[in-house]
Amino acid sequence: MSVFSVDDVRHMARALELARRGLFTTDPNPRVGCVLVRDGEVVGEGWHERTGEPHAEVIALRAAADRARGATAYVTLEPCCHHGRTPPCSQALITAGIARVVAAMPDPNPQVASQGLTELERAGLRVEVGLLQAQASELNPGFIARMTRRRPYVRIKLATSLDGRTALASGESKWISGEAARADVQRLRARSSAILTGIGTVLADDPSLTVRQIDIGRQPLRIVIDGHLSMRPDAKMLSLPGKTVVVTAEDDADAAEPLLIAGAEVMVLSQGVGRVDLPRLMQDLAQREVNELLVEAGATICGELLQAGLVDELVVYLAPHLLGSTARGMFNIPEFSQMQERVELELVDMRAVGHDWRITARVRSSV
């Protein structure tokens with residue numbers, strides 16, 4: 001078992017800091033940072049910014065030039081060893097004469113899966129793994145989920161009153177949360193590969209589901225669950241940059257045609273009359289390289305995802321007001337007859353955002 005020094009921890013923490021700079025831009029690639037250190041001096045740093053551009057290790061090696069020989073490379077993810085959109089980083093490290101590689105975690109990609117580390121060891125490099133692994137995993141929950149579970153990491157965003165209501169009985173919901181909370185949601189959208197909503201939300205609010213205020217050079221894929229193809233071809237999102245996929249249970253070419261003309265993709269995934277097959281949808285999104293999926297939907301869709309065991313995380317913006325018992329709740333799920341049936345959550349973070357509170361919780365068990 002490796003024993004890491006205080007300096008090792010400090011340099012890996014810096015590599016993680018660099019990796020976070022790619023939080024909004026690396027998709028669908030993982031966020032990775034690299035620091036090169038020789039004789040106690042940092043000689044090169046790098047972080048991966050965009051798909052198709054050089055990886056963190058290559059950028060750090062370019063910065064270090066000849067000083068890379070004999071250095072230690074601190075990298076937040078196992079260096080890749082396969083030819084993808086860019087050449088393998090493992091070979092670049094070997095060629096540069098790196099003496100030691102400290103990786104925060106193995107790469108969950110089956111094309112890598114410790115083969116990169118093995119290649120480095122065979123070339124004579126000293127290799128150590130596991131330094132600040134939990135922090136490194138936190139950076140890439142979607143990439144890990146896609147590689148290990150063949151589905152995205154699913155995060156539900158909800159804005160609720162203090163009594164847990166998301167809209168009035170009429171459906172009116174603008175605005176439950178304050179301006180600061182709504183701006184914070186843009187950061188959730190920016191880090192997501194795709195945003196999912198339901199037809200009820202589209203018909204009631206005509207949302208854009210775009211990233212605003214943050215320039216990330218792309219727009220997340222928009223997914224609309226529309227069991228009966230009720231979406232109007234003049235919906236606002238269909239005229240905006242980015243792609244919209246309407247997922248339906250109805251194989252109706254006539255109903256789909258206006259949406260296709262408006263620029264949408266229509267995908268049929270039926271699990272019965274009017275019901276979209278959500279597990280199959282998640283598999284399809286993984287094939288589309290969707291890492292993190294943000295759900296901004298009503299109680300029906302959120303409840304169905306929860307019951308299907310497809311929810312990983314909740315981000316709840318809790319506003320300091322009450323909407324009353326007739327207002328709409330967060331999840332439509334069957335009544336529980338015993339307390340042991342309740343959905344267990346793990347609180348991860350709680351902080352003030354403007355006048356609201358943002359609560360982040362992971363789902364430990366589903367209904």
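Note: hydrogens, waters and symmetry copies are ignored here, and every other heavy atom, side chains too, is used.
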For this session: Look up atom CE in M330 and atom CZ in R165, then write down how far apart they are to the nearest 0.5 Å.
Result: 9.0 Å
Problem set entry | Least distance between heavy atoms, T166 atom then G329 atom | OG1-O, 3.1 Å
For this session: Among residues two or more places apart or on two chains, list those pairs meeting ring pair (Phe, Tyr, Trp, His ring centres under 6.0 Å) that have a residue in residues 142-179.
Result: none
Exercise. Between D206 (side chain) and K236 (backbone), is there a donor-acceptor pair under 3.5 Å?
Worked result: yes
Exercise. Taking the side chain from T76 and the backbone from G33, do they hold a donor-acceptor pair closer than 3.5 Å?
Worked result: yes
Problem set entry | R122/E119 ion pair, N-O < 4.0 Å | no
For this session: Mind checking the OG1-CE spacing from T360 to M350? Nearest 0.5 Å is all I need.
Result: 9.0 Å
Problem set entry | E53 side chain vs H48 backbone, donor-acceptor pair below 3.5 Å | no
For this session: Return yes when atom CD of Q338 has more than 12 non-hydrogen atoms of other residues, nucleotides or ligands closer than 6.0 Å, and no otherwise.
Result: yes
Problem set entry | T72 side chain to V101 backbone, donor-acceptor under 3.5 Å | no
For this session: Give a yes or no on whether L269 and I223 share a hydrophobic cluster (residues Ile, Leu, Val, Met, Phe, Trp, Tyr; joining criterion: side-chain heavy atoms under 4.5 Å apart).
Result: yes
Exercise. Under a 4.5 Å side-chain heavy-atom rule over Ile, Leu, Val, Met, Phe, Trp and Tyr, are L260 and M231 clustered together?
Worked result: yes
For this session: Applying side-chain contact (heavy atoms from CB on, under 4.5 Å), run through L259 and L238 and close with a yes or a no.
Result: CA-CA 9 Å; L259 295 173; L238 296 181; 4.1 Å; yes
Problem set entry | All side chain to side chain contact (heavy atoms under 4.5 Å, CB included) counterparts of S5, not counting sequence neighbours | D7, D8
Exercise. For I98 and E57, what are the C-alpha separation, side-chain angles and deciding distance, and is it a side-chain contact (heavy atoms from CB on, under 4.5 Å)?
Worked result: CA-CA 11 Å; I98 293 293; E57 299 94 321; over 6 Å; no
Exercise. Any sub-3.5 Å donor-acceptor pair from H321's side-chain atoms to L162's backbone N or O?
Worked result: no
Exercise. Under a 4.5 Å cut-off applied to non-hydrogen side-chain atoms, are D251 and S270 in contact?
Worked result: no
Exercise. Out of curiosity, E292 CD to R189 CZ, how far, rounded to the nearest 0.5 Å?
Worked result: 15.0 Å
Problem set entry | Pair R362 + E138: basic N to acidic O under 4.0 Å | yes
Problem set entry | Selection residues 269-278 - residue pairs positive for salt bridge (charged side-chain N to carboxylate O under 4.0 Å, His left out), sequence neighbours left out | R275-E304
For this session: Output the distance between atom CG (L158) and atom OH (Y317), rounded to the nearest 0.5 Å.
Result: 10.5 Å
For this session: Check whether any side-chain N or O of D107 sits under 3.5 Å from a backbone N or O of N109 as a donor-acceptor pair, and report yes or no.
Result: yes
Exercise. So with a 6.0 Å cut-off around CZ of R50, is the heavy-atom count from everything else above 12?
Worked result: yes
Exercise. Is the closest side-chain heavy-atom distance between R280 and V247 below 4.5 Å?
Worked result: no
For this session: Of all the heavy-atom pairs spanning L229 and A256, show the shortest one and how long it is.
Result: CD1-N, 3.9 Å
Exercise. Any link between F24 and I195 through a network of hydrophobic side chains (Ile, Leu, Val, Met, Phe, Trp, Tyr) touching at under 4.5 Å?
Worked result: no
Exercise. Where is the tightest heavy-atom contact between S177 and A319, given as atom of each residue plus distance?
Worked result: CA-CB, 4.4 Å
For this session: Search all heavy atoms of S161 against all heavy atoms of I176 and return the closest pair with its distance.
Result: N-CG2, 3.9 Å
Exercise. So does D234 have more than 12 non-hydrogen atoms from other groups sitting under 6.0 Å from CG?
Worked result: yes
Problem set entry | NZ/NE/NH1/NH2 to OD/OE distance under 4.0 Å, K157 and D184 | no
Problem set entry | Residues clustering with V102 (ILVMFWY side chains joined when closer than 4.5 Å, directly or via others) | F4, V9, M12, L16, L18, V35, V37, V42, W47, Y74, L131, L132, L139
For this session: Kindly determine whether R351 and D349 satisfy side-chain contact (heavy atoms from CB on, under 4.5 Å), including the steps that lead there.
Result: CA-CA 7 Å; R351 67 184 63 197; D349 184 71; 2.8 Å; yes
For this session: Not counting sequence neighbours, which residues clear side chain to side chain contact (heavy atoms under 4.5 Å, CB included) with L23? List them please.
Result: R31, R191
For this session: Please examine the side chains of R218 and P220, heavy atoms only from C-beta on, and report whether any two atoms are closer than 4.5 Å.
Result: yes
Exercise. Can you hop from L345 to V311 via hydrophobic side chains spaced under 4.5 Å?
Worked result: yes
Problem set entry | Test item: E344 side-chain N/O and R364 main-chain N/O as donor-acceptor pair under 3.5 Å | no
Problem set entry | E257, CD: over 12 other non-hydrogen atoms inside 6.0 angstrom | no
Problem set entry | Under 3.5 Å: donor-acceptor pair, side chain of T248, backbone of G227 | yes
Exercise. Any sub-3.5 Å donor-acceptor pair from T26's side-chain atoms to E49's backbone N or O?
Worked result: no
Exercise. Would you say the side chain of I225 lies within less than 4.5 Å of the side chain of L278, judging by non-hydrogen atoms?
Worked result: yes
For this session: Answer yes or no: is there an ion pair linking E128 with R100, defined by an N-O contact shorter than 4.0 Å?
Result: yes
Seminar exercise, completed: Heavy-atom closest pair (A123 atom, I94 atom, distance to 0.1 Å) is CB-CD1, 3.6 Å
Problem set entry | L281 side chain reached by L196 side chain, heavy atoms, under 4.5 Å | yes
Problem set entry | salt bridge (charged side-chain N to carboxylate O under 4.0 Å, His left out) partners for R150, two or more places apart | none
Problem set entry | Any side-chain heavy-atom pair of R151 and D312 under 4.5 Å | yes
Exercise. Do D356 and P320 have side chains that get closer than 4.5 Å, going by heavy atoms?
Worked result: yes
For this session: Determine the sole option in V202, V245, T210 for which the side chain to side chain contact (heavy atoms under 4.5 Å, CB included) test with R222 is passed.
Result: T210
Exercise. Salt bridge check: are R288 and E265 linked by an N-O gap of less than 4.0 Å?
Worked result: yes
For this session: Please report the C-alpha distance between L93 and L61 in whole Å, then the side-chain angles of each, then the deciding distance to 0.1 Å, and finally whether the side-chain contact (heavy atoms from CB on, under 4.5 Å) criterion is met.
Result: CA-CA 8 Å; L93 293 168; L61 288 170; 4.1 Å; yes
Problem set entry | Donor-acceptor contact below 3.5 Å, side chain R146 vs main chain P28 | yes
Exercise. Are a donor atom and an acceptor atom from the side chains of N291 and S193 found within less than 3.5 Å of each other?
Worked result: no
Problem set entry | Heavy-atom check, side chain of H55 versus side chain of V32, under 4.5 Å | no
For this session: Report yes or no: do L310 and V295 belong to one cluster of Ile/Leu/Val/Met/Phe/Trp/Tyr joined by side chain heavy-atom distances under 4.5 Å?
Result: yes
For this session: Would you give the length of the straight line joining atom SG of C302 to atom CD1 of I156, rounded to the nearest 0.5 angstrom?
Result: 4.0 Å
Problem set entry | Exercise: identify the closest heavy-atom pair between A190 and I214 | CB-CD1, 4.1 Å
For this session: Quick one: pull up CD1 in I199 and OG1 in T300 and give me the separation to the nearest 0.5 Å.
Result: 12.5 Å
